[in-house]
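These numbers come from the heavy atoms of this one structure, side chains and all, not from hydrogens, waters or symmetry mates. Order of listing sets the numbers, starting from 1, for every ligand and every atom in it.
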Amino acid sequence: MTEIEAVIFSQAEIAAAIRRMAEAIARDYAGKTLVLLGVLKGALFVTADLARALDVAAGSSVEVRLDFLGVSSYGNAHRSSGEVRLVQDTSHSIEGKHVVIVEDIVDNGLTLKYLMTLLGGRAPASMRAAVLLDKPYNRRVNVPVDYVGMTCPDEFVVGYGLDYQERYRTLPYVAKLRAEIFTPVGEIVAT
Ligand code: IMP
């Protein structure tokens, strides 16, 4: 695709990272029922792939339940502002459940912090976060990420669920866009 400047993480690298996350989660939740809670839309693919990787993880005895919620936050397209809004809630209560929130990417940490506070107030048995890509350079809040797939360079990336203005989500790899693609307007950062 001509808008792509460089592939940052290939399909094979993403698959290997998800396998590693699944192995760790399978060890930690052995014999338990676990709700994988995907954050739409960005974490759609990572949640689906992680759920299936968990099923085939070596000796896995985790009973996986899937649920999703949707958030959006106002930002300048490259960065969320922390003004996060819940646009779609979970379909089942998480009270008394072991929950792993699945996110595509964590940057300043405000989105994950919002989710942890919101969901933590619903009395889950436990709550952790799994994030495919960690951008640790611009954290504004201290938020624990228990399972990290890969550390992402300090770039705006798209693909594998991540969008720019709702485009590029369906790329099977993670890539950096050419600079001329970006328009300098405030907008909703769809997560
Ligand atoms: P945070 O609140 O800054 O941690 O950002 C989390 C959300 O911002 C993610 O769920 C994404 O929707 C969006 N985001 C952050 N960095 C990127 C990126 O490089 N590409 C696309 N979306 C991003």
Are any of the N/O atoms in Val157 less than 3.5 Å from those in ligand 1?
-> yes
Heavy-atom proximity to atom 22 (N) of ligand 1 ranks first, among Val158, Leu162, Asp134, for Leu162
So is Asp163 polar-close to ligand 1, meaning N/O to N/O under 3.5 Å?
-> no
Quick note on ligand 1: atoms under 4.0 Å from a heavy atom of Asp104 include exactly 9 (C), 10 (O)
CD1-CZ distance between Ile25 and Arg20, expressed to the nearest 0.5 angstrom | 12.5 Å
Relative to the heavy atoms of Glu103, which atoms of ligand 1 are at a distance of less than 4.0 Å?
-> 10 (O)
Proximity of Phe182 and Tyr164 rings by center, below 6.0 Å | yes
To the nearest 0.5 Å, tell me how far Leu171 CG sits from Glu3 CD.
-> 9.0 Å
Starting at CG of Leu37, measure out to CG of Leu69 and round the result to the nearest 0.5 Å.
-> 4.5 Å
Give the atoms of ligand 1, by number and element, whose distance to some non-hydrogen atom of Lys135 is under 4.0 Å.
-> 16 (N), 17 (C), 18 (C), 19 (O)
Side chain, backbone, both or neither: which part of Glu155 has a heavy atom under 4.0 Å from ligand 1?
-> backbone
For Val106, take its heavy atoms, then give the atoms of ligand 1 lying under 4.0 Å from any of them.
-> 4 (O)
Are side-chain heavy atoms of Thr151 and Tyr137 found at a separation under 4.5 Å?
-> yes
With a cut-off of 3.5 Å and sequence neighbours excluded, list every side-chain donor-acceptor pair involving residues 117-129.
residue	atom	partner	partner atom	Å
Thr117	OG1	Lys113	O	2.9
Arg122	NH1	Asp89	OD1	3.0
Arg122	NH2	Asp89	OD1	3.4
Arg122	NH2	Asp89	OD2	3.0
Ser126	OG	His98	ND1	2.7
Arg128	NH1	Asp28	OD2	3.2
Arg128	NH1	Tyr147	OH	2.8

From OH (Tyr114) to CG (Leu86), nearest 0.5 Å = 4.5 Å
Do any heavy atoms of Arg140 fall under 4.0 Å from ligand 1?
-> no
Please work out whether any backbone atom (N, CA, C, O) or any side-chain heavy atom from C-beta onward of Asn108 is under 4.0 Å from ligand 1, and answer side chain, backbone, both or neither.
-> both
With the side chain counted from C-beta on, respond yes when Ile181 and Tyr168 share a heavy-atom pair under 4.5 Å apart, and no when they do not.
-> yes
Any nitrogen or oxygen of Gly109, main chain or side chain, under 3.5 Å from a nitrogen or oxygen of ligand 1?
-> yes
